[in-house]
Enquirer: 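Structure below; questions to follow.
Numbered from 1 within each chain, the chains take letters A, B, ... in sequence-line order.
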Protein chains: 2
Amino acid sequence: MNLKQLSHMLSLSQTTVSRALNGYPEVSEETRRRVADAAKRHGYRPNPSARRLATGKAGMIGYVMPTGASVDIDPHFVEFLSGLGDYARGHELDLVLSPTTADDEETTYRRVVANKQVDAVYVSSPRPADRRIVLLNQLGLPFIVHGRSEGLDFDYAHIDIDNEAAFHDAARLLLQLGHKRIALINGDTSQTFAIFRERGARRALAASGLSLPPDRVRSLAMTEENGFRAANSLLRGNEPPTAILCSSLIMALGVIRAIRDLGLTIPGDVSLIAHDDVFPWLKPENFSVPLTTTRSSIRAAGERVAERLAARISRLETEPLGEVWPVDLVVRASIATAKN
Amino acid sequence: MNLKQLSHMLSLSQTTVSRALNGYPEVSEETRRRVADAAKRHGYRPNPSARRLATGKAGMIGYVMPTGASVDIDPHFVEFLSGLGDYARGHELDLVLSPTTADDEETTYRRVVANKQVDAVYVSSPRPADRRIVLLNQLGLPFIVHGRSEGLDFDYAHIDIDNEAAFHDAARLLLQLGHKRIALINGDTSQTFAIFRERGARRALAASGLSLPPDRVRSLAMTEENGFRAANSLLRGNEPPTAILCSSLIMALGVIRAIRDLGLTIPGDVSLIAHDDVFPWLKPENFSVPLTTTRSSIRAAGERVAERLAARISRLETEPLGEVWPVDLVVRASIATAKN
DNA sequence: ACGGCAAGCCAAAGCGCTTTGGCTTAGTGT
DNA sequence: ACACTAAGCCAAAGCGCTTTGGCTTGCCGT
């Protein structure tokens with residue numbers, strides 16, 4: 001069933017039927033009803049390709065997905081995707097993933113824009129002065145950044161969590177418990193979220209007259225293995241930390257393994273706070289010592305990104321609005337007062 | 001730059017240019033070269049919407065993605081996606097994700113087909129007599145199933161790993177080590193992979209004159225928490241198992257936690273073998289007791305699915321070919337002879 | 001020298017929608 | 001009674017491709 005056939009059975013022009021269906025004003029209410037009715041009854045659905053060709057709008061949102069041997073899409077992505085899907089599902093929005101290598105990112109963005117494949121994209125894991133953001137900004141494609149960049153001389157739409165405050169507060173809590181030697185096992189600092197976290201922790205320590213020396217910081221891809229290695233090297237050093245801040249639950253698994261291997265206990269010997277993105281399949285409250293966490297649902301962020309993307313597509317949102325979510329600090333058994 | 005402009009500067013018709021670019025035979029080699037050359041120089045790229053409208057081909061592969069509060073897309077998905085992306089990237093194939101609820105799955109498939117949004121789809125996590133497969137088969141959309149269904153009266157293209165053999169071999173190994181009471185902590189048996197695994201384990205036990213009683217099997221969503229619960233209830237029962245087969249590394253985390261909480265050791269008190277889908281962020285060799293695993297890269301499967309999907313799209317592959325990959329059994333420290 | 005044929009090219013007709021620019025008709029003010 | 005307007009509808013022109021159905025050439029055999 002296409003427009004032509006439908007308009008034929010209604011003895012109306014394609015123009016009128018199209019307008020009726022798309023809510024244009026120059027159609028009488030009665031006609032509109034008749035049309036809507038017939039469309040539903042016959043299960044008419046506008047052909048998206050045709051519509052796309054005519055309007056230039058795609059009805060899809062895009063994500064340029066870095067792939068390749070060296071790039072591991074991590075489980076955060078899928079959780080974010082779930083949230084995005086939750087929203088998109090209710091709004092007949094589809095998601096286009098365009099795989100790319102790190103080198104070809106710019107080319108891929110340009111292709112996607114040139115092809116008008118999508119109406120908007122989202123950008124994840126931003127880096128400082130992220131070139132993707134600069135590019136999208138000048139290409140004029142609506143976009144939202146999940147996270148924040150730094151050092152850009154223009155504003156852009158984003159939603160982020162308050163990583164700095166989260167790690168500041170977490171560090172402050174450890175300080176209040178009397179810890180002096182606090183270590184940070186962070187994600188890769190080429191990503192801004194990791195930079196913010198380090199900054200937050202450092203600020204809290206500075207406020208207590210303490211510092212976060214470089215040898216008490218590790219910045220690595222967030223795998224279990226790296227968590228283990230980082231904790232191991234920290235705890236075997238001299239003046240080992242009495243408390244550890246960790247950027248991910250998966251890393252925390254490795255951290256805990258290291259602590260245990262060394263015959264130490266949590267929180268007796270080492271207090272531990274980790275960031276929890278809220279995975280349904282790995283919960284900090286279920287760790288053998290329930291983990292104190294800074295918590296923020298990455299799935300909720302995905303949902304919000306989709307919502308705002310939809311708003312931008314329909315021009316309900318136009319300003320380069322930044323949204324920063326507070327992060328919960330959830331206290332569980334993995335922290336205790338420092339023994340000194 | 002569009003076809004019209006390009007053909008104009010070449011003083012050729014749109015027809016010829018189109019044919020030259022698409023490799024039709026009725027163009028002289030010289031013309032073809034000229035055209036290809038000019039196209040490259042001016043960065044001409046056919047508008048996909050227009051092409052789609054004209055041909056009905058989409059140049060995309062689809063995935064109908066179940067989402068919703070009760071459905072957790074799990075980390076396996078993203079790993080699979082990585083693989084798919086690895087292939088797609090090199091072939092300018094994009095992936096369309098259409099989020100749906102479990103109830104609307106059929107509707108969504110129909111919509112995707114009716115809209116000609118994609119040239120092919122893949123189906124994951126098949127169930128016995130999976131209705132999606134039936135539907136796709138009758139709709140005539142090319143598809144590949146990642147995994148297998150059962151009880152369907154027609155053949156269909158799929159790629160799967162040999163779950164039955166994997167768990168058969170793993171169980172047999174435990175038997176050879178003298179274990180008599182072997183338990184299975186499985187994924188949800190509404191999925192065929194879990195059924196096959198159970199079948200494999202059971203077959204191995206039967207071959208030794210043993211059985212796998214229902215109270216020594218757990219079938220649950222593969223989360224850390226469920227792994228913990230399952231192991232806990234198994235080990236606290238009377239006649240606790242001396243060996244456990246576990247369907248996922250994430251569950252194994254919970255299993256190990258339970259074992260440890262009970263003051264037991266691996267492999268002293270309990271031998272453990274888990275299935276490893278090969279996540280870059282969680283490796284069995286790095287567990288505090290390195291884990292014996294049945295191993296098969298889900299990422300590789302994604303890559304292969306994309307490859308075959310592409311072949312089906314271009315009609316290089318047409319038969320309903322089934323492909324079943326063998327699974328490695330990788331022995332590490334987590335198994336030992338039974339104490340009895 | 002002429003019909004036949006293949007090679008190489010082209011004009012134009014779609015694909016199914018949106019949108020521009022009119023065209024009626026009925027209603028309004030004077 | 002007339003010009004003018006607004007409401008409601010329509011025909012046709014795109015959007016940028018592919019593909020059908022020719023139309024020229026030049027070459028062959030006879």
Enquirer: Considering residues at least two apart in sequence or located in another chain, which fulfil the side-chain contact (heavy atoms from CB on, under 4.5 Å) criterion with A:Thr100?
Expert: A:Val64, A:Asp104, A:Glu105, A:Thr108
Enquirer: Do any of residues 1-11 of chain B sit with a heavy atom less than 4.0 Å from DNA chain D, and if so which?
Expert: B:Asn2, B:Leu3
Enquirer: With distance as the sole test, does B:Ser11 use its side chain to make a donor-acceptor pair with the main-chain N or O of B:Ser7 at under 3.5 Å?
Expert: no
Enquirer: Is the ring pair B:Tyr156/B:His158 parallel, tilted or perpendicular, if the boundaries are 30 and 60 degrees?
Expert: tilted
Enquirer: Which pairs of donor and acceptor atoms, one on a side chain in residues 41-48 of chain A, lie under 3.5 Å apart (sequence neighbours left out)?
Expert:
unit_1, atom_1, unit_2, atom_2, d
A:Arg41, NH1, A:Asp37, OD2, 2.8
A:His42, ND1, A:Ala38, O, 2.9
A:Arg45, NH2, A:Glu92, OE2, 3.2
A:Asn47, OD1, A:Ser49, N, 2.7
A:Asn47, OD1, A:Ala50, N, 3.1

Enquirer: For B:Glu303, does its backbone N or O pair with a side-chain atom of B:Asp86 as donor and acceptor, under 3.5 Å?
Expert: no
Enquirer: How sharply is the helix from C:dA1-D:dT30 to C:dT30-D:dA1 bent, taking the axes over five pairs at either end and rounding to 10 degrees?
Expert: 40°
Enquirer: Only counting residues at least two apart or in another chain, list the ones meeting salt bridge (Lys or Arg N to Asp or Glu O under 4.0 Å) with A:Arg34.
Expert: none
Enquirer: Testing the 3.5 Å rule here: is there a donor-acceptor pair between the side chains of A:Thr31 and A:Ser28?
Expert: yes
Enquirer: When you check the side-chain N and O atoms of A:Thr67 and B:Arg89, is any donor under 3.5 Å from an acceptor?
Expert: yes
Enquirer: Counting only heavy atoms and a strict 4.0 angstrom limit, can you tell me which residues of residues 33-62 of chain A come near DNA chain D?
Expert: A:Leu53, A:Ala54
Enquirer: Could you go through residues 317-324 of chain B and list every donor-acceptor pair under 3.5 Å that involves a side-chain atom there, pairing it with any protein atom two or more places apart or in another chain?
Expert:
unit_1, atom_1, unit_2, atom_2, d
B:Glu317, OE1, B:Arg308, NE, 3.1
B:Glu317, OE2, B:Arg308, NE, 3.1
B:Glu317, OE2, B:Arg308, NH2, 2.8
B:Glu317, OE2, B:Arg312, NH1, 2.6
B:Glu323, OE1, B:Arg304, NE, 3.2
B:Glu323, OE1, B:Arg304, NH2, 3.0
B:Glu323, OE1, B:Arg308, NH1, 3.2
B:Glu323, OE2, B:Arg304, NE, 2.8
B:Glu323, OE2, B:Trp325, NE1, 2.9

Enquirer: What pairs of residues pass the ring-ring contact (aromatic ring centres under 6.0 Å, His included) test when at least one of them lies in residues 97-128 of chain B, not counting sequence neighbours?
Expert: B:Tyr63-B:Tyr122, B:Phe80-B:Tyr122
Enquirer: Going 5' to 3' on DNA chain C, which nucleotide is the first and which the last to come under 4.0 Å of a heavy atom in chain B?
Expert: C:dG8 to C:dG16
Enquirer: Apply side-chain contact (heavy atoms from CB on, under 4.5 Å) to B:Val278 and list each qualifying residue two or more places apart in sequence or on a separate chain.
Expert: B:Asp276, B:Arg295, B:Ser297
Enquirer: With side-chain hydrogen bond (donor to acceptor under 3.5 Å, both in side chains) as the test, would you mind laying out the steps for B:Thr15 and B:Ser18 before giving the verdict?
Expert: CA-CA 5 Å; B:Thr15 309; B:Ser18 171; over 6 Å; no
Enquirer: More than 12 foreign heavy atoms under 6.0 Å from CD of B:Glu30: is that the case here?
Expert: no
Enquirer: For the atom pair CG (B:Leu309) and CG (B:Leu93), what is the distance rounded to the nearest 0.5 Å?
Expert: 8.0 Å
Enquirer: Go through residues 14-31 of chain A and report each residue with a non-hydrogen atom lying under 4.0 Å from DNA chain D, sorted by number.
Expert: A:Thr15, A:Thr16, A:Arg19, A:Glu26, A:Val27, A:Ser28, A:Thr31
Enquirer: Taking only residues two or more places apart in sequence, or in another chain, which ones meet B:Arg110 in a salt bridge (Lys or Arg N to Asp or Glu O under 4.0 Å)?
Expert: B:Glu106
